[in-house]
Amino acid sequence: MSAEGATVEAPESAKKSGLSTKNKVLIGIGVYLGIAILMLLIFGSSGKEESFKPQNEFKLEPWVSIHLAGIDLSINKAVFYLLLASTLTIFTMVWISRRMHQKPNRVQTAVEVAYDLTKNTITGGNLEPGMAARWFPFLAALFFWIWFSNMIGFLPLPTNTEHTFSVFGLEIPSFAIYAATANLSIPLVLTLIVWVSYHVEGIRAKGFFKYLGSWLPPGLEDMNPIGKAFIFVIEAISHFARLISLSVRLFANILAGHLLLLFMGGGLAVLLGIAALGALTFPLAFFFFILEVGLIATLQAFIFSTLTAIYLGGATSASH
Amino acid sequence: MELLGYIGAIPLAAKKGEGGSFLVSPGLGLMIWTLVLFLFTMWVLSKVAFPKIQEALDRRAKTIAESLDAAERQRRESDELLEEYRGRLAEAREQADDIMVRARKAAETVEAEATVAGREKREELVAAAKRDIEAETRRSLEQIRTEVADLTVLATEKVTRKSLNAEDQRRLVEEALSEVDFSRLSGSEN
């Protein structure tokens, strides 16, 4: 409420005085801060909240317990989101592909643009034609699957079993936003598939020793063997570092985005026990939400699949 | 391969280091779920969705290419047609001009011929009229001459009381008539 007051008041005061844009902005910020300070004076601080643990939003409680051969295959929130993302990906893509028209509607156009992005930019731009044909399904599936996983992460769904509300006696889990890709396990598995795939492709294209030799950057032909070995070790480490960089980039971006929304949407105010802080952070939550949905979700799916294509292309191209 | 173990241990080490922070610890069960669901999604997409989308896009690209080709062909055809019509139009105009010239010439010829014919006709008519008049004049003179002769004979008889024989009579008339100047009569006619 206070945030709305601040945003509404700013243009009104500016209109009355007929000031320049710069002054309008300054007055807007002043009113915004003023309301926050006013709220701080009225409500004060209730001290730090110790019981609230924001990270618990990402805790995975088993909903349906399944244990097979000593492995915990329980269906939890992350598995539910994965199922949802997979179903949505398959349903959308198959549905669109079955009713492709010569004159596309808006949804078909959007899917076509995304398909074109995976086909020509991600796959075609980084791989030789033969490799592109072989790896296109993988790269496109990677892009769409991660994209859908990221996007449904911003739909509030009744998944928070820690807190419930009652509707006609039914205990409904609270609506919460969560993303499967905000778990390290999921990007890590995808990264492992990518990592194994590009090494296998590299060995297939060049042979085992030649492939390892191609890790060395060009221009080291005259170097002594010890130097070469040293460079090789560095290159080998860089290959293993890709395991972390690729998986953590996706995981950390999505997790950070969700944590940011959680804090801005009131988590920070609750955590610190300063209600006035909510007035400051709440408008920012909208801003970050739009940023996450409009940019980060798509960008991270794009980066993940593009880097995969680059790794595959790098492993198989003639000159490293 | 020791390196792999070292790198792989980093997330696990982080898990132990941060006192059981579940955020950065991968779970084997979830990893298996991910693998299965991703591979299944990829399989379905590559079997069902992608080929159909590609097919539709290829078909559209083909249609567009064909439409462009057809448009280009039609344009060329219409250009040719236009060129042909322009040629024909010029030809027709030339022919029309030619016809006009010929018609004018023909009209002039006809006019000239008509003028000549008219003149000839007129002259002919005038000549015919002249001939008629001359003939008529001659005939009148002959008649007058005869009547005068007869009258002369009659008058002479009355005067002389003597009838002349035919021979004398004729001679006398001829003598008398030769003295009469009829040329004045016919001269006034001319």
Side-chain angles (χ1 to χ4, degrees), chain A residues 55 58-60 66-68 71-76 78-79 82-83 85-87 89-90 92-98 100-102 104 108 111-112 115-116 119 136-138 140-142 144-145 180 182-190 192-193 233 236-237 240-241 243-244 247-248 251 255, chain B residues 1-68 70-71:
Chain A
Q55 67 268 34
F58 300 92
K59 202 165 196 166
L60 298 173
I66 302 169
H67 290 269
L68 280 177
I71 299 167
D72 179 18
L73 287 172
S74 305
I75 293 177
N76 52 32
V79 176
L82 282 183
L83 280 165
S86 301
T87 312
T89 311
I90 290 171
T92 310
M93 298 304 286
V94 170
W95 184 62
I96 288 291
S97 74
R98 278 181 184 277
M100 288 286 284
H101 293 304
Q102 285 291 83
Q108 191 188 326
V111 170
E112 279 177 17
Y115 182 88
D116 187 69
K119 180 95 186 171
F136 166 70
F138 174 67
L142 209 54
F144 284 111
W145 198 70
N183 279 287
L184 183 57
S185 310
I186 288 146
L188 189 62
V189 170
L190 300 177
L192 281 170
I193 300 172
V233 169
I237 291 170
F240 284 102
L243 272 176
I244 298 168
S247 58
V248 169
F251 151 71
L255 180 68
Chain B
M1 287 301 107
E2 273 176 34
L3 210 59
L4 176 62
Y6 173 70
I7 301 290
I10 286 175
L12 300 170
K15 174 190 172 187
K16 281 166 197 160
E18 285 179 30
S21 174
F22 51 87
L23 285 179
V24 287
S25 58
L28 189 60
L30 187 53
M31 288 172 81
I32 291 167
W33 272 110
T34 308
L35 189 68
V36 170
L37 285 172
F38 173 71
L39 291 180
F40 177 71
T41 307
M42 183 174 89
W43 180 74
V44 174
L45 290 185
S46 64
K47 285 288 165 218
V48 184
F50 293 155
K52 281 205 169 152
I53 294 175
Q54 188 62 53
E55 191 195 319
L57 291 181
D58 286 349
R59 201 166 50 232
R60 186 186 303 148
K62 207 174 133 216
T63 312
I64 290 169
E66 276 170 3
S67 312
L68 285 176

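Side chains included, hydrogens not; waters and symmetry mates left out as well; all remaining heavy atoms used. Chain naming here is simple, since letters A, B, ... match the order of the sequence lines and numbering starts at 1 in each. Just so it is clear, the model here is predicted, and its values are computed rather than measured.
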Tabulate below the donor-acceptor pairs under 3.5 Å that side-chain atoms of residues 42-52 of chain B make, not counting sequence neighbours, or state none.
{"unit_1": "Ser46(B)", "atom_1": "OG", "unit_2": "Met42(B)", "atom_2": "O", "d": "3.0"}
{"unit_1": "Ser46(B)", "atom_1": "OG", "unit_2": "Trp43(B)", "atom_2": "O", "d": "3.1"}

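Neither the backbone nor the side chain of Glu55(B) comes within contact range of chain A; no heavy atoms are under 4.5 Å apart. For Tyr115(A), the part lying under 4.5 angstrom from a heavy atom of chain B is the side chain only. Heavy atoms of Val111(A) lying under 4.5 Å from chain B belong exclusively to its side chain.
Within the 4.5 Å cutoff, the side chain of Leu82(A) has no heavy atoms near those of the Phe38(B) side chain. At least one side-chain heavy atom of Leu192(A) sits less than 4.5 Å from a side-chain heavy atom of Met31(B).
Residue Val189(A) forms a side-chain contact (heavy atoms from CB on, under 4.5 Å) with just one option from Ile32(B), Thr34(B), Leu37(B), and that option is Thr34(B).
In this structure, CD1 on Ile53(B) lies 8.0 Å from CD on Glu112(A), to the nearest 0.5 angstrom. Here the CG atom belonging to Leu83(A) is positioned 9.0 Å from the OG1 atom belonging to Thr41(B), to the nearest 0.5 angstrom. Rounding to the nearest 0.5 Å places CE of Met100(A) at 8.0 Å from CZ of Arg59(B).
For the options Ala85(A), Ala180(A), Ser86(A), heavy-atom pairs under 4.5 Å to chain B are most numerous at Ser86(A). Comparing Asn76(A), Thr89(A), Leu142(A), Ile193(A) by how many heavy-atom pairs each has under 4.5 Å with chain B, the most go to Leu142(A). In terms of heavy-atom pairs under 4.5 Å with chain A, the best-connected choice from Ile64(B), Leu57(B), Leu28(B) is Leu57(B). Interface summary for chain B: among Ile90(A), Ile96(A), Val94(A), the most heavy-atom pairs under 4.5 angstrom belong to Ile90(A).
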